Number of protein chains: 2
Amino acid sequence: MPQTRGHDPRAFAPLPPAALHVLLAIGPDERHGYAIMGEVGRITNGAVRMGPGTLYGTIKRLLDNGLIEECSKQADPQRTDQRRRYYRLTSLGRTAVASEVERLQSMINKTGALKWAPGRQH
Amino acid sequence: MPQTRGHDPRAFAPLPPAALHVLLAIGPDERHGYAIMGEVGRITNGAVRMGPGTLYGTIKRLLDNGLIEECSKQADPQRTDQRRRYYRLTSLGRTAVASEVERLQSMINKTGALKWAPGRQH
DNA sequence: ATTGATGTATCATATATCGATATACCTAAC
DNA sequence: GTTAGGTATATCGATATATGATACATCAAT
C-alpha cells in the first residue's frame, strides 16, 4: 500500500497481505498489537504467523492511510495493562476491507480456483 | 514471495498480490504475458491493472519458485506470433494457488468481513 | 510504408516483509 | 521481594515486491 490514496476505498486494492491480515484480525471491534499477532494466527489456522517487524510497520502504514485509528479506551475493563495500544477500523478502513474481500471473493468465484488442485483434468 | 520455499505448497502463503493475480489469470490452461495483463483486469473487474514492470518481475519469480513453467507450444495454432511466450501452472503452482485460495476463503468466512461495510452496527 | 496495437524486457525508485534485537511491564511462583 | 517467563511495543537492516517509465521489436490493417 502506497503512502496515501485519498478516500476512495477501492484505490487500496490490492491490499498487501499483511495489511489485509491485520485489518481482518482487528475485526469489527478493537484490538491491541500483541492480540492482533495471535488473532492473525487464529484466523489463518496457523498458516500465517506475523512477527512484530511486519505487524508494527503495517500498523504505522494503516494509521498513515487512515484505515485504522488508535482508541485510548480499552475494551476490557478487567485489565489495566498500560502498555497496550488499541486500534479499530475507521469508516474508510471498513469500507476498504469490505471492498477488497468482495473483490477477492468475486475473483475466486470467477476463476473457480478452489477446484484447481492437481489430479483434476482440464 | 521469497527466493525459494521447497515443495510445500502451503509454504508460499501468503502469496504476494501480484503473484496471486498472475496465477489466477493464467488459469488451468496456458497464457502469454500480454494476455495475462488483460486477464488480470478482466478477473478483477478492472480493479487491478497490472503493468509490465510488475508482470515480468512476478513471472520471473514464479518461474524461479517452480510455480509456473514456460511452454513453447502455443495454445492457438491460428496465430504464429513469434514474440509470445506462453506459461502454465506447474503441479506445485496449482496446489499452491488452490491452497492459498482455500485459505483466503476460510478467512473470509471466519471473519464475516463481507458484512463490514459501514452503516451496520456492531 | 505508415500507423497503432501487440508483445517482451529492464531500470530506478518506492513499498513491503521479516527476523533479530531491544526494552520494559505484568503475573505468578517461590 | 525477587526471579522467571510470558506479555507488549518498537526499531533496525536485509531482503523481497511493486510500479511507472522507457525502450524496442513485431504484427495487422490500411
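Source: prediction; values computed, not measured.
- Remark on DNA chain C: of its neighbouring residues A18(A) and A35(B), the 5'-side contact belongs to A35(B), judged by nearest-heavy-atom nucleotide.
- In this entry the distance linking CZ of R49(B) with P of dT19(D) reads 11 Å, nearest Å.
- Within 4.0 Å (heavy atoms only), M50(A) reaches no atom of the nucleic acid at all.
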Taking only nitrogen or oxygen atoms into account, show me every contact under 3.5 Å that the protein makes with nucleotides 24-26 of chain D, one pair per line with its distance.
{"from": "dT26(D)", "atom 1": "O2", "to": "R83(B)", "atom 2": "NH1", "distance (Å)": "2.7"}
{"from": "dT26(D)", "atom 1": "O2", "to": "R83(B)", "atom 2": "NH2", "distance (Å)": "3.1"}

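- Taking atom OH of Y34(A) as the reference point, atom C1' of dC26(C) lies 12 Å away to the nearest angstrom.
- Residue M37(A) has its side chain nearest to dT9(D) when only dT9(D), dT8(C), dC18(C) are considered.
- Residue H32(A) places its side chain closer to dT9(D) than to any other of dA18(D), dA9(C), dT9(D).
- Nearer to the 5' terminus of DNA chain D, by closest-nucleotide assignment, is the contact made by L55(A) (compared with the other of G51(B) and L55(A)).
- Under the side chain to side chain donor-acceptor pair (under 3.5 Å) criterion, N109(A) pairs with Q105(A), not counting sequence neighbours.
- Going from atom CZ of R84(B) over to atom C1' of dA5(C) covers 12 Å, rounded to whole Å.
- Counting only heavy atoms from C-beta on, Y56(B) has its side chain closest to dT8(C) among dA8(D), dT8(C), dT19(D).
- For P52(A), taking side-chain heavy atoms from C-beta onward, the closest of the listed nucleotides dA20(C), dT22(D), dA8(D) is dA20(C).
- Between the side chain of D81(B) and the main chain of R83(B), a donor-acceptor pair closer than 3.5 Å is present.
- In this view, R49(B) satisfies the salt bridge (charged side-chain N to carboxylate O under 4.0 Å, His left out) rule with no residue, not counting sequence neighbours.
- A distance-only check finds no donor-acceptor pair linking the side chain of T58(B) to the backbone of A18(B) [under 3.5 Å].
- Where A13(A) and Y87(A) each meet DNA chain D at their nearest nucleotide, the meeting point lying more 5' is that of Y87(A).
- For R5(B) and dC18(C), the CZ to C1' distance is 10 Å, given to the nearest whole Å.
- At least one side-chain nitrogen or oxygen of T58(B) sits closer than 4.0 Å to the OP1 or OP2 atom of dA18(D).
- Rounded to an integer number of Å, the gap from CG of L15(B) to C1' of dT17(C) is 14 Å.
- Put simply, CD1 on I59(B) is 12 Å from P on dT10(C), counting in whole angstrom units.
- Under the rule for a side-chain contact (heavy atoms from CB on, under 4.5 Å), the partners of R103(A) that lie at least two apart in sequence or sit in another chain are A13(A), P14(A), E100(A), M107(A), H21(B), T44(B), A47(B), V48(B).
- Residues satisfying the side-chain contact (heavy atoms from CB on, under 4.5 Å) test with E39(A), not counting sequence neighbours, are A25(A), R31(A), R42(A), I43(A).
- Taking atom CZ of R61(A) as the reference point, atom P of dC18(C) lies 11 Å away to the nearest angstrom.
- The interatomic distance linking K60(B) (NZ) with dT8(C) (C1') rounds to 15 Å, in whole Å.
- R10(A) pairs by the salt bridge (charged side-chain N to carboxylate O under 4.0 Å, His left out) definition with nothing, not counting sequence neighbours.
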